[in-house]
Novice: 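Attaching a single structure in structure tokens format; questions to follow.
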Amino acid sequence: MPPITEVEGRRIALSNLDKVLYPASGFTKGEVLHYYATVAEALLPHLRDRPVSFLRFPDGPEGERFFTKNPPPGTPTWVRTAEVRRSDGVSRQILVQDLATLMWAANLVTEFHTPQWRADAPGLADRLVLDLDPGPPAGVVEACEAALWLRERLVGDGFEVYVKTSGSKGLHLLVPLRPAPSAEVTAYAKALAVAAERELPGLVVHRMTRSLRPGKVFVDFSQNAAAKTTATPYTLRARAEPTVSMPVDWDEVAACAERREAGALVFLAPEVEGRLERYGDLLGPLLEAGRGGVLPPAG
């Protein structure tokens, strides 16, 4: 029998706690669960009220990975879900509203991915995201250079701009919005990506075409579509090491671009608690009411 633990009055069976999920560092499933318990206060507000998609990797990053949106078999009755309309009909997805649900979900071994809208307003985005994905030999240094240009453009349009690492090899720019239709947000984000490619042709590409991407930063605007999701802040990623999608400040981005120190923006799970104690949640303003900017008129 797997050990049973009680979290906020909910009984949760935790399995295979000694299983090594990240062989490069020996990081175990038990340490994954401990990580999520430690960062829950910062993570939960970014998950709350957003239907979650799971990228599961139960045998570690080297094993099988699969996306799932539907509640898995055996989901406890106390786990909240939301109705979500998809192209193939209506279904339900998990809402991670509390620590008990977070720990139950973390026991599945998963990345957390969320849309730019909330369950009570599907298809109305309250944030904009730009995923800066460098194609080798470009890396996070080049992503930082592109991010600084995009930030200047967004600030010029009246927006506040926040940034986090993807936890992989790039960056995510996040902008709080007054809720707007996802299609309109996507169109604005695409125009930004096109403008970035026009101004920085040796650095940026806005199309996903593989042949265009080596040595350049792909500015992926498509994650603003209502059907798409983005890695949630503080989620662990299915990489060789237990890397985290970590909020950073713009001074760190500028320093990475200036000093060309790619390693400065790689964060592993054991480092996160100390950063939270030092900086708090650098994406906290995304959650504050009244901070959302207004999309400029189309055209």
Novice: How about Ser168 and Arg239: does a side-chain donor come under 3.5 Å of a side-chain acceptor?
Specialist: yes
Novice: If you look at every heavy atom in Ala238 and Glu111, which pair is closest and at what distance?
Specialist: N-OE2, 2.6 Å
Novice: Considering only heavy atoms from C-beta outward, does the side chain of Ser222 approach that of Lys228 to under 4.5 Å?
Specialist: yes
Novice: Does some side-chain heavy atom of Val194 sit less than 4.5 Å from a side-chain heavy atom of Lys190?
Specialist: yes
Novice: Grouping I, L, V, M, F, W and Y whenever their side-chain heavy atoms are under 4.5 Å apart, do Val109 and Val39 come out in a common cluster?
Specialist: yes
Novice: Taking the side chain as C-beta and beyond, is there a heavy-atom pair between Phe54 and Ile94 under 4.5 Å?
Specialist: yes
Novice: Do the side chains of Trp250 and Leu148 get nearer than 4.5 Å, heavy atoms only?
Specialist: yes
Novice: Say whether, by atom type as modelled, one donor and one acceptor occur between the side chain of Arg65 and the main chain of Pro61 under 3.5 angstrom.
Specialist: yes
Novice: Is a salt bridge present between Glu142 and Lys169, judged by a nitrogen-to-oxygen distance below 4.0 Å?
Specialist: no
Novice: Would you please name every residue forming a salt bridge (Lys or Arg N to Asp or Glu O under 4.0 Å) with Glu64, sequence neighbours left out?
Specialist: none
Novice: Do NZ/NE/NH1/NH2 and the carboxylate oxygens of Arg50 and Asp120 come within less than 4.0 Å?
Specialist: no
Novice: Regarding Thr114 and Thr232, is there a side-chain donor-to-acceptor distance under 3.5 Å anywhere?
Specialist: yes
Novice: State whether a side-chain donor-acceptor pair under 3.5 Å links Thr230 with Gln223.
Specialist: yes
Novice: Over all heavy atoms of both residues, which pair between Leu95 and Pro51 is shortest? Give the atoms and the distance, please.
Specialist: CD2-N, 3.7 Å
Novice: Partners of Phe67 by ring-ring contact (aromatic ring centres under 6.0 Å, His included), sequence neighbours excluded?
Specialist: His113
Novice: With a 4.5 Å heavy-atom cut-off, do Val84 and Val90 have their side chains touching?
Specialist: no
Novice: Any side-chain to backbone donor/acceptor pair from Glu258 onto Ala255? Under 3.5 Å, distance only.
Specialist: no
Novice: Using side-chain heavy atoms (C-beta onward) and a distance below 4.5 Å, is Asp18 in contact with Asn16?
Specialist: no
Novice: Does a donor on one side chain sit under 3.5 Å from an acceptor on the other, for His46 and Asp281?
Specialist: yes
Novice: Would you check if the side chain of Trp117 reaches a backbone N or O of Ala226 as a donor-acceptor pair within less than 3.5 Å?
Specialist: yes
Novice: Does Lys216 have any salt bridge (Lys or Arg N to Asp or Glu O under 4.0 Å) partners at least two apart in sequence or in another chain, and if so, which?
Specialist: none
Novice: As an exercise, state the distance from CZ of Phe27 to OH of Tyr35, rounded to the nearest 0.5 Å.
Specialist: 8.5 Å
Novice: Which heavy-atom pair separates Ala269 from Leu236 by the least distance, and what is that distance?
Specialist: CB-CD2, 3.8 Å
Novice: Kindly give the heavy-atom pair with the smallest separation between Thr235 and Thr110, and that separation in Å.
Specialist: OG1-O, 4.5 Å
Novice: State, without any angle test, whether Asn224 and Gln116 hold a side-chain donor-acceptor pair at a distance under 3.5 Å.
Specialist: no
Novice: Are side-chain heavy atoms of Tyr234 and Val272 found at a separation under 4.5 Å?
Specialist: yes
Novice: Between Asp133 and Arg213, is there a salt bridge with N-O shorter than 4.0 Å?
Specialist: yes
Novice: Please step through salt bridge (Lys or Arg N to Asp or Glu O under 4.0 Å) for the pair Asp98 and Arg48, ending with a clear verdict.
Specialist: CA-CA 8 Å; Asp98 50 42; Arg48 193 167 289 124; over 6 Å; no
Novice: To check you understand the geometry: which heavy-atom pair defines the closest contact between Ser182 and Ala225, and what is its length?
Specialist: CB-C, 4.3 Å
Novice: Checking Arg275 side chain against Pro247 main chain: does a donor-acceptor pair fall under 3.5 Å?
Specialist: yes
